[in-house]
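Notes to accompany the following structure.
Just so we're clear, the structure is a prediction, and the values are computed from it rather than from any experiment. All heavy atoms count here, side chains included; hydrogens, waters and symmetry mates do not.
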Amino acid sequence: MKFRQCTPVVLLGTGMSVPDRVLTNKDLEKIVDTSDEWILERTGISERRIAAAGDVTSDLAARAGIAALDAASVSPEELDMIIVGTNSPDKLFPGVGPMVQSMIGASRAGACDVQAGCTGCVYAMMVASAGIRAGFWKKVLVIGAETLSRIVDWKDRNTCVLFGDGAGAALLGAGEGEDGVLAAEVHADGSLSDYIELPGGLAAHPATNETVEQGLHFVKMKGNEVFKYVNRVIPPFVRDLCDSEGLEVKDIDAWIFHQANHRIIEGVMRRLEVPLEKAVINLQKYGNTSAASVFLALHEGIAEGRITRGDRVMLVSFGAGMTYGAMIIRI
C-alpha cells in the first residue's frame, strides 16, 4: 500500500535498552538437554539478555524511549502519542504504553499497546505513521519491548533457547520535503493461529491448577511450520511492496528482518536474490526479542554506520497470528 502524499513522516531518532545479564548457549547446556553447537546451527543465536528480577517490560521500554528522545534532542513533553508493541506486557491492563507515558513524564501524550505477535513493531510504526500523515500527531514514540524470559518454559529446549529480553524505540515526526515512510503493508492469517501461541490465563483457558500443570502459560510454537510459512509468504510479499513504490528489491540499501532465526533470514534473502551482507543481523547477541527485534537491529545498524542518511531500509517482521508486515523507510 503506497501512502497518499499528506504530511511527510520522518525518523527523528532511535534508541534501545537491553538487560545487563547475558545468558550464553554454554549456560543453557546446564539447564536443558542442548548444546552450543545445536543452537548455533539451527538458529544462529549465541547468547541472549535476561531481565533482572526487578525489571518488567515497561522498565525496558521507558529506557529505550528515553534513548530515542535523547538522540533526537526531543523532550517527553513534546510527544503526542506513545505506541508500544509487546507480547509480554507487565499485566494485561493497564497497558505498557500508559506506564511508559507516566515513567518518562510525557504529560501531553496519549498511549496504547499494539499486540500483533512479533509483527507488533511494524503494525505500531504503521499506526504512528498514519496518525502523523493525517495530522493527528506531530511526534510519536514507537517502542517494541519484551521480557519473554518470564513466559518461556525453561524445560523446553525448543523454545527457551530462542528468546531474549530487550526494547528498542523509534521516534517519528512530522517533517517537510521528502517523505521518510515510502510504503507499508500488513497481513494476517488467523487460520494459522496455533503456530505460535500462549494458550493459558485468559478467556479461553482461565488460570487453574490444571492449566499451570499443563504448561499452558508458556509460549508454544510449531517451529518447522513457522519456518516453511515465512519462507513461502515473505519473498513475494516484499517484492510486491517494492513494486508498489516503483522499486526493485536491489534498490533497497538495507534489510532489517525480525531477528528470529538466521536460517530464515538467509532463506528469504536467497529467494530474493539479495546478498546477505545487505541484512542487518544481531540475533547472535540478543536472540529473538519478538516485537523489539526490528527496532534493536535498526538502532544498531544506524549506530554502527551500516545505515546512513538517504538509505532506503526495508523493515520486515512476522509472528503470532500469523501476522506479517513490512515498511520501506528512507533514513
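- Between Val96 and Ser58, the closest side-chain pair of non-hydrogen atoms falls below 4.5 Å.
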Criterion side chain to side chain contact (heavy atoms under 4.5 Å, CB included) on Phe218 and Arg150, from CA distance to verdict: CA-CA 9 Å; Phe218 297 127; Arg150 308 282 167 79; over 6 Å; no
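- Within the model, atoms NZ of Lys138 and CD of Glu78 stand 11.0 Å from one another, a figure rounded to the nearest 0.5 Å.
- Remark: Arg108 engages Asp80 in a salt bridge, criterion side-chain N to carboxylate O under 4.0 Å.
- Residues Asp311 and Ile252 fail the side-chain proximity criterion, which asks for heavy atoms closer than 4.5 Å.
- Contact annotation: the side chain of Val280 never approaches that of Asn282 to less than 4.5 Å [non-hydrogen atoms, C-beta and beyond].
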Verdict with supporting geometry, Asp55 and Arg21, salt bridge (Lys or Arg N to Asp or Glu O under 4.0 Å): CA-CA 12 Å; Asp55 272 352; Arg21 182 187 170 194; over 6 Å; no
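- To the nearest 0.5 Å, atoms CD1 (Ile256) and CE (Met327) are separated by 12.5 Å.
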Derivation and outcome, side chain to side chain contact (heavy atoms under 4.5 Å, CB included), residues Ser46 and Thr24: CA-CA 6 Å; Ser46 296; Thr24 68; over 6 Å; no
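- Follow the hydrophobic side-chain contacts under 4.5 Å out from Ile31 and you reach Val219 in the same cluster.
- Note on Ile143 and Met126: separate hydrophobic clusters, where clusters join Ile, Leu, Val, Met, Phe, Trp and Tyr whose side-chain heavy atoms are under 4.5 Å apart, directly or indirectly.
- Glu245 CD to Asp240 CG: the interatomic distance, rounded to the nearest 0.5 Å, is 14.0 Å.
- No side-chain heavy atom of Leu283 sits less than 4.5 Å from a side-chain heavy atom of Asn261.
- Distance NZ/Lys155 to OG1/Thr159: 12.5 Å, rounded to 0.5 Å.
- For Glu248 and Arg239, the salt-bridge test fails: no basic side-chain N is under 4.0 Å from an acidic carboxylate O.
- At a threshold of 4.5 Å between non-hydrogen side-chain atoms, the residues Ile234 and Tyr229 do not count as touching.
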Audit row: Gln259, Asn288, side-chain hydrogen bond (donor to acceptor under 3.5 Å, both in side chains) steps and yes/no: CA-CA 6 Å; Gln259 306 287 300; Asn288 181 344; over 6 Å; no
Derivation and outcome, side chain to side chain contact (heavy atoms under 4.5 Å, CB included), residues Lys250 and Glu273: CA-CA 9 Å; Lys250 67 181 182 181; Glu273 299 181 325; over 6 Å; no
Derivation and outcome, side chain to side chain contact (heavy atoms under 4.5 Å, CB included), residues Tyr324 and Asp189: CA-CA 9 Å; Tyr324 57 98; Asp189 185 349; 5.6 Å; no
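- Figure legend: cation-pi geometry between Arg48 and Phe163 absent, as NZ or CZ is not positioned both under 6.0 Å from the six-membered ring centre and within 45° of its axis.
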Criterion side-chain hydrogen bond (donor to acceptor under 3.5 Å, both in side chains) on Glu47 and Asn25, from CA distance to verdict: CA-CA 6 Å; Glu47 57 189 41; Asn25 293 347; over 6 Å; no
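- Asp165 contributes atom CG, which lies 11.0 Å from atom CZ of Arg49 (distance to the nearest 0.5 angstrom).
- Using a 4.5 Å cut-off on side-chain heavy atoms (C-beta onward), Tyr286 and Glu300 make contact.
- Note on Lys220 versus Asp194: no salt bridge recorded, every NZ/NE/NH1/NH2 to OD/OE distance being 4.0 Å or above.
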Derivation and outcome, side-chain hydrogen bond (donor to acceptor under 3.5 Å, both in side chains), residues Thr211 and Gln214: CA-CA 5 Å; Thr211 63; Gln214 294 168 21; over 6 Å; no
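- Counting heavy atoms from C-beta outward, Leu182 and Ile329 have side chains that stay 4.5 Å or more apart.
- Note that CG of Leu23 and CH2 of Trp154 are 5.0 Å apart. Values are rounded to the nearest 0.5 Å.
- Nearest approach of Ala169 to Leu141, heavy atoms of both residues: CB-CD1, 4.2 Å.
- Contact record, Phe295 with Val142: CZ-CG1, 3.7 Å, taken as the closest heavy-atom pair.
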